Visitor: 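Next up is a structure, given as structure tokens.
A quick note: this is a predicted structure, and the numbers were derived from the prediction, not measured.
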Amino acid sequence: MNIDILNEVDVISLRQHIARAEHIVICCHKSPDGDALGSSLAWADYLESLGKKPKVVIPDAYPDFLQWLPCTERVVRYDKHGAEADQFLSEADLIFCLDFNNSSRVDDMQDALDRAVAPKIMFDHHLSPSMETVLTVSNTSMCSTSEIVFRIIYQLGGFAAMSRRCAIDIYCGMMTDTGGFTYNSSRPEIYFIIGQLLTKDIDKDKIYRHVFNNYSSWAIRLRGYMMYQKLNIIDNFHASYFTITKQEMKRFHFIKGDAEGLVNEPLKIKGMKLSISLREDDRRENLIWVSLRSVDDFPCNRMAEEFFNGGGHLNASGGKLQCSMTEAEDVVRKAIIHFGDLLKS
């Protein structure tokens with residue numbers, strides 16, 4: 001099966017930029033998920049196999065359930081080590097931007113990234129890439145940036161030497177960005193890649209347990225409370241939403257990652273087409289983080305763009321609102337009514 005993603009010119013360009021670089025930085029978006037972190041660590045591992053010593057710089061914390069990923073100890077968090085990260089970016093002679101399409105996605109790290117004079121290369125699978133780069137590998141049909149990273153390594157002839165660590169990072173990224181291969185994962189190439197990764201002696205079942213069966217007892221209680229007490233079901237629109245407040249996060253000893261995947265739960269209801277999660281930021285007032293999930297062909301990415309200052313993929317998107325939770329709920333109801341014809345069909 002041909003899984004090449006680069007044309008001949010891009011292959012030459014990528015090889016040349018890597019060969020010339022002495023100070024490489026890899027970065028990903030704010031609040032890194034499994035794909036952002038997995039693809040970054042996997043690409044760093046590949047570059048190390050070429051004799052490079054890349055730095056992985058991320059804007060802030062990643063979920064607790066990803067702490068087990070190989071080589072997370074190499075990650076430099078901008079929110080904790082800003083001066084060190086600034087130095088890495090300013091001294092870099094090549095910067096890889098993974099799993100984001102615009103520098104605004106790195107939040108507080110944006111100024112440092114924008115100021116960096118090093119050539120930038122983007123690997124991403126989100127819509128409308130809008131950064132100045134010397135090479136952009138962006139394909140929205142890919143299930144994840146981790147899939148893109150695998151395809152590039154494979155095309156560059158790096159698969160034979162791929163480490164087990166690298167394979168674990170890639171599989172984790174692909175798995176988490178598809179909800180355990182339950183959405184955006186119907187292309188046969190995905191399962192060819194999984195088959196190849198399994199030859200590296202990875203335990204896919206253990207990876208699944210590390211990610212999806214790794215919650216605290218408080219996180220499980222939070223999930224039960226959300227579904228029993230907070231779930232709002234709008235039957236005639238086949239839609240639902242729930243809210244998570246700062247008070248509730250404090251009550252249930254919330255840590256980053258405790259709500260991961262929770263937005264998917266209402267889609268288990270028969271006939272449900274759309275699920276929306278609204279979560280208050282635990283440090284900033286009037287900031288609501290929005291997650292959207294859908295099934296079949298309902299475009300939650302369009303809804304995210306039009307109502308929630310965000311975007312994403314057809315069935316998995318996100319955004320944010322700068323308002324109170326009550327006002328955010330009003331926006332959700334307006335959005336559902338606006339897209340009513342598609343939800344009812």
Side-chain angles (χ1 to χ4, degrees), residues 33 127 143 176-186 211-213 215 218-252 254 257-282 286-345:
D33 53 15
L127 293 169
C143 77
T176 52
D177 236 32
T178 58
F181 302 103
T182 61
Y183 53 82
N184 195 28
S185 55
S186 294
V211 172
F212 295 113
N213 298 346
Y215 293 107
W218 281 109
I220 295 299
R221 290 186 175 97
L222 170 68
R223 298 167 96 79
Y225 173 79
M226 285 293 124
M227 293 300 98
Y228 181 56
Q229 296 284 356
K230 302 298 296 293
L231 183 62
N232 297 279
I233 299 175
I234 308 173
D235 286 313
N236 55 324
F237 287 102
H238 308 290
S240 66
Y241 74 91
F242 60 89
T243 64
I244 307 176
T245 66
K246 285 185 286 191
Q247 291 79 11
E248 288 160 343
M249 286 188 279
K250 183 177 180 180
R251 174 183 173 187
F252 288 95
F254 185 92
D258 278 356
E260 187 74 21
L262 184 55
V263 68
N264 295 306
E265 289 300 309
L267 295 178
K268 295 178 180 178
I269 299 171
K270 185 177 181 180
M272 190 65 61
K273 290 187 176 183
L274 173 68
S275 172
I276 301 176
S277 163
L278 300 173
R279 179 176 61 83
E280 284 186 326
D281 190 276
D282 59 352
N286 292 324
L287 177 58
I288 310 294
W289 296 101
V290 187
S291 294
L292 305 93
R293 297 292 185 272
S294 67
V295 299
D296 297 329
D297 59 353
F298 181 80
C300 64
N301 52 353
R302 277 179 48 199
M303 180 180 280
E305 291 168 5
E306 293 184 33
F307 285 90
F308 303 112
N309 306 298
H313 306 289
L314 181 72
N315 298 129
S317 301
K320 61 183 178 181
L321 293 170
Q322 293 185 318
C323 61
S324 69
M325 184 63 83
T326 299
E327 291 168 324
E329 289 188 71
D330 289 340
V331 175
V332 166
R333 287 188 286 266
K334 290 176 183 176
I336 290 172
I337 292 171
H338 180 81
F339 283 85
D341 290 344
L342 290 177
L343 290 167
K344 288 180 177 180
S345 61

Visitor: Show me the side-chain donor-acceptor pairs of residues 296-305 shorter than 3.5 Å, one per line, residues at least two apart or across chains.
Guide:
none

Visitor: List the atom of Glu327, the atom of Cys323, and the distance in Å for their closest heavy-atom pair.
Guide: OE1-CB, 3.2 Å
Visitor: Tell me the closest heavy-atom pair linking Phe242 and Met226, and the distance in Å.
Guide: CD1-SD, 3.9 Å
Visitor: Distance from Asp177 atom CG to Tyr183 atom OH, nearest 0.5 Å?
Guide: 6.5 Å
Visitor: Any non-hydrogen side-chain atom of Ile233 less than 4.5 Å from a side-chain atom of Met272?
Guide: yes
Visitor: Once rounded to the nearest 0.5 Å, what's the spacing between atom CG of Leu274 and atom OG of Ser240?
Guide: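 Here the interatomic distance stands at 7.0 Å.
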Visitor: On the six-membered ring of Phe308, is Lys320 placed so that its NZ or CZ lies under 6.0 angstrom from the centre and within 45° of the ring axis?
Guide: no
Visitor: For residues Thr182 and Leu267, determine if any side-chain heavy atom of one lies less than 4.5 Å from a side-chain heavy atom of the other.
Guide: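 They are not in contact (no side-chain heavy atoms under 4.5 Å apart), so the answer is no.
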Visitor: Less than 4.5 Å apart, any side-chain heavy atom of Met325 and any of Ile288?
Guide: yes
Visitor: Nearest 0.5 Å, what's the CD-CG distance between Glu280 and Leu321?
Guide: 12.0 Å
Visitor: Could you walk me through whether Lys230 and Glu248 pass the side chain to side chain contact (heavy atoms under 4.5 Å, CB included) check?
Guide: CA-CA 11 Å; Lys230 302 298 296 293; Glu248 288 160 343; 2.7 Å; yes
Visitor: Please step through side chain to side chain contact (heavy atoms under 4.5 Å, CB included) for the pair Lys250 and Gln247, ending with a clear verdict.
Guide: CA-CA 5 Å; Lys250 183 177 180 180; Gln247 291 79 11; 5.8 Å; no
Visitor: Between Phe212 and Gly180, what is the shortest heavy-atom contact and its length?
Guide: CZ-N, 4.0 Å
Visitor: How long is the span from the CG atom in Leu287 to the OG atom in Ser324, to the nearest 0.5 Å?
Guide: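 Separation between the atoms: 12.0 Å.
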Visitor: Mind running side-chain hydrogen bond (donor to acceptor under 3.5 Å, both in side chains) on Asn315 and Ser294 for me, showing each step along the way?
Guide: CA-CA 5 Å; Asn315 298 129; Ser294 67; 3.0 Å; yes
Visitor: What's the spacing between Leu343 CG and His238 NE2 if we round to 0.5 Å?
Guide: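 These two atoms lie 8.0 Å from each other.
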Visitor: Going by heavy atoms in the side chains, are Phe307 and Val290 under 4.5 Å from each other?
Guide: no
Visitor: Could you measure the distance from the CD1 atom of Ile269 to the CG atom of Leu231? Nearest 0.5 Å is fine.
Guide: 5.5 Å
Visitor: Does the side chain to side chain contact (heavy atoms under 4.5 Å, CB included) test come out yes or no for Ile244 and Met249, once each step is laid out?
Guide: CA-CA 7 Å; Ile244 307 176; Met249 286 188 279; 3.7 Å; yes
Visitor: Can you list everything that forms a side-chain contact (heavy atoms from CB on, under 4.5 Å) with Ser291? Sequence neighbours excluded, please.
Guide: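 Only Val263, Ser277, Arg293 meet the side-chain contact (heavy atoms from CB on, under 4.5 Å) criterion with Ser291.
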Visitor: Can you classify the ring geometry of Trp218 versus Phe252 as parallel (below 30°), tilted (30 to 60°) or perpendicular (above 60°)?
Guide: perpendicular
Visitor: Could you pull out all donor-acceptor pairs under 3.5 Å where a side-chain atom in residues 334-341 meets a protein atom, sequence neighbours excluded?
Guide:
| unit_1 | atom_1 | unit_2 | atom_2 | d |
| --- | --- | --- | --- | --- |
| His338 | NE2 | Glu306 | OE1 | 3.4 |

Visitor: List the steps and the verdict of side chain to side chain contact (heavy atoms under 4.5 Å, CB included) for Phe254 and Arg279.
Guide: CA-CA 12 Å; Phe254 185 92; Arg279 179 176 61 83; 4.1 Å; yes
Visitor: Any side-chain heavy atom of Asn184 within less than 4.5 Å of one from Leu314?
Guide: no
